[in-house]
There are 2 protein chains.
Amino acid sequence: MVPTAQMTSEALSQKLADSGLRNTPQREIIYSILTKKRDHPTADEVFARVKAEMPTISLATVYNCLEALVQCNLVRQVNFERGPTRYCPNLHPHAHFHDETTGSTYDIDLPPGLLEQLKSQLPVGYQASDVEITFRGHAAS
Amino acid sequence: MVPTAQMTSEALSQKLADSGLRNTPQREIIYSILTKKRDHPTADEVFARVKAEMPTISLATVYNCLEALVQCNLVRQVNFERGPTRYCPNLHPHAHFHDETTGSTYDIDLPPGLLEQLKSQLPVGYQASDVEITFRGHAAS
DNA sequence: GTGATAATTAGAATAATTCTAACAAAATAG
DNA sequence: CTATTTTGTTAGAATTATTCTAATTATCAC
Ligand SMILES: [Mn+2]
Ligand SMILES: [Mn+2]
Ligand SMILES: [Zn+2]
Ligand SMILES: [Zn+2]
């Protein structure tokens, strides 16, 4: 996989500014760590990597910087459901809609075969036993 | 939404037995609570509801029973990523493949427009700002 | 420069989940 | 049957990811 070209410091600053945030050495180095090795690291892993270059950084700052990068849409959280696990007795293949206003989670029926169709588009060698689809947004009252 | 017909105690026992598990009053009551009100409750919420009928039950048992029901495929975990959040600098719309053997997470490219197509299938009144697709399985070495 | 605002830091607090060890119930063997 | 083993429940402690707090530092606006 070809890594995406490194964003310039100025472009990073601009992206942060667009969200009312400043650029800082911590944010810059954390962003460069994420682009350097695209293995979806955890906050702790980022912490370990950044400490090698900036030994005084704190874990709280890593969390803060990652939040800033997510806020200005330079970084995605892969598992962004931070709350407790929820349980569903609906055995039909279905997706979930998470209403960010109310916190409620609703079942969403899917066209038959859609999950299998998605699985069939995986690259050769990828065997998925499960597919999870989660929508996040707002459901009209 | 029409709730699915309540499973008989015998059918529940059979499903549990298929996975080498026994039926117990705790497992039965927790399963009935999940089917009674299908609002994707958390373990804590299940705990609160079951205590009304079985005041001596413990939270650990609620977690244990939910795990048993998930194991025998009567219940789904909606947010089953229990580990730490992971971070991804890939801004293209894409899905993730989580290799359960190695714990690695890979980017999966999606056909253009697929996410929008999925969003457009939501019932009227549901406005999704985001869709997350996660495959779980095994990737060939 | 000076005060206001934003960011970083260390450490404490929180909260979901898991673990441990003891007890109880159910199945199995003799 | 009765003993033994296995499975399940329980209370409470431990773990762990994340968030909060309060103090310090850096940047910005004037
Ligand atoms: Mn979860
Ligand atoms: Mn997470
Ligand atoms: Zn559901
Ligand atoms: Zn990704």
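Note that the structure is predicted; figures quoted are calculated from it, not measured. Order of the sequence lines sets the chain letters (A, B, ...), proteins ahead of strands, with each chain counted from 1.
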Provide a list of protein-nucleic acid N or O atom pairs under 3.5 angstrom, restricted to nucleotides 23-26 of chain D.
none

- prompt: B:Y63 has an atom OH; how far is it from atom C1' of D:dA11, in whole Å?
  reply: 15 Å
- request: Answer yes or no: does a side-chain N or O of B:T24 lie under 4.0 Å from OP1 or OP2 of D:dT9?
  value: yes
query: When we call it a touch if two heavy atoms are under 4.0 Å apart, what does A:D44 touch: a base, just sugar-phosphate, or nothing?
result: sugar-phosphate
query: Are any side-chain N or O atoms of B:T61 and backbone N or O atoms of B:I57, one a donor and one an acceptor, separated by less than 3.5 Å?
result: no
message: When the axes are fitted on five pairs at both termini, how much does the helix from C:dG1-D:dC30 to C:dG30-D:dC1 curve, in 10° steps?
response: 30°
task: For the pair A:D44 and A:R49, evaluate salt bridge (Lys or Arg N to Asp or Glu O under 4.0 Å) and give the outcome as yes or no after the intermediate values.
output: CA-CA 9 Å; A:D44 255 327; A:R49 293 176 200 180; over 6 Å; no
task: Kindly say whether the aromatic ring centers of B:H94 and B:H96 come within a distance under 6.0 Å.
output: yes
message: Walk me through whether B:D130 and A:R76 qualify under salt bridge (Lys or Arg N to Asp or Glu O under 4.0 Å).
response: CA-CA 11 Å; B:D130 216 337; A:R76 261 175 85 175; 5.7 Å; no
Within residues 51-59 of chain A, residues whose heavy atoms come under 4.0 Å of DNA chain C: A:T56, A:I57, A:S58
- prompt: Is there a donor-acceptor contact under 3.5 Å linking the side chains of A:H40 and B:D107?
  reply: yes
statement: By nearest-heavy-atom nucleotide on DNA chain D, the more 5' of B:P25 and A:N23 is B:P25
message: Less than 4.0 angstrom from a charged side-chain N to a carboxylate O is my criterion; do B:K36 and B:E53 meet it?
response: yes
task: Rounded off to whole Å, could you give me the CZ-to-P distance for the B:R86 and D:dT18 pair?
output: 10 Å
- request: Figure out the CD/P separation between A:E45 and D:dT16, and round it to whole Å.
  value: 14 Å
- request: Can you tell me the distance, in whole Å, between the CG atom of B:L16 and the P atom of C:dA26?
  value: 15 Å
statement: In whole angstroms, the gap separating C1' of C:dA7 from CG of A:L69 amounts to 13 Å
Side chain A:S129, main chain B:R136, donor-acceptor under 3.5 Å: yes
task: Report the nucleotide, chosen from C:dA10, C:dT18, D:dT18, that has the shortest atom-to-atom distance to any side-chain atom of B:T85.
output: D:dT18
message: Can you tell me if A:T61 touches the phosphate of C:dA7, counting only side-chain N or O atoms and a distance under 4.0 Å to OP1 or OP2?
response: no
Gap between atoms OH and P, on A:Y87 and C:dA16 respectively (whole Å): 12 Å
statement: Side-chain atoms of B:A60 come closest, of D:dG12, C:dA16, D:dT9, to D:dG12
- prompt: Please give, in whole Å, the distance from C:dT18 P to B:E67 CD?
  reply: 7 Å
message: Measure CZ/A:F47 against P/D:dA17 and give the value in whole Å, please.
response: 13 Å
- request: Determine, stepwise, if the pair A:E132 / A:K119 fulfils salt bridge (Lys or Arg N to Asp or Glu O under 4.0 Å).
  value: CA-CA 11 Å; A:E132 192 186 31; A:K119 282 187 200 173; over 6 Å; no
message: Which label fits B:Y106 and A:Y126: parallel for a plane angle under 30°, tilted from 30 to 60°, or perpendicular past 60°?
response: perpendicular
- prompt: Has the side chain of A:E116 got a donor or acceptor atom that lies under 3.5 Å from a matching backbone atom of A:G113?
  reply: no
task: Give the C-alpha distance, both sets of side-chain angles, the deciding distance and a yes or no for side-chain contact (heavy atoms from CB on, under 4.5 Å) between A:I108 and A:I133.
output: CA-CA 9 Å; A:I108 301 290; A:I133 300 183; over 6 Å; no
message: So does A:S104 get a backbone contact from the side chain of A:T102, meaning a donor-acceptor N/O pair under 3.5 Å?
response: yes
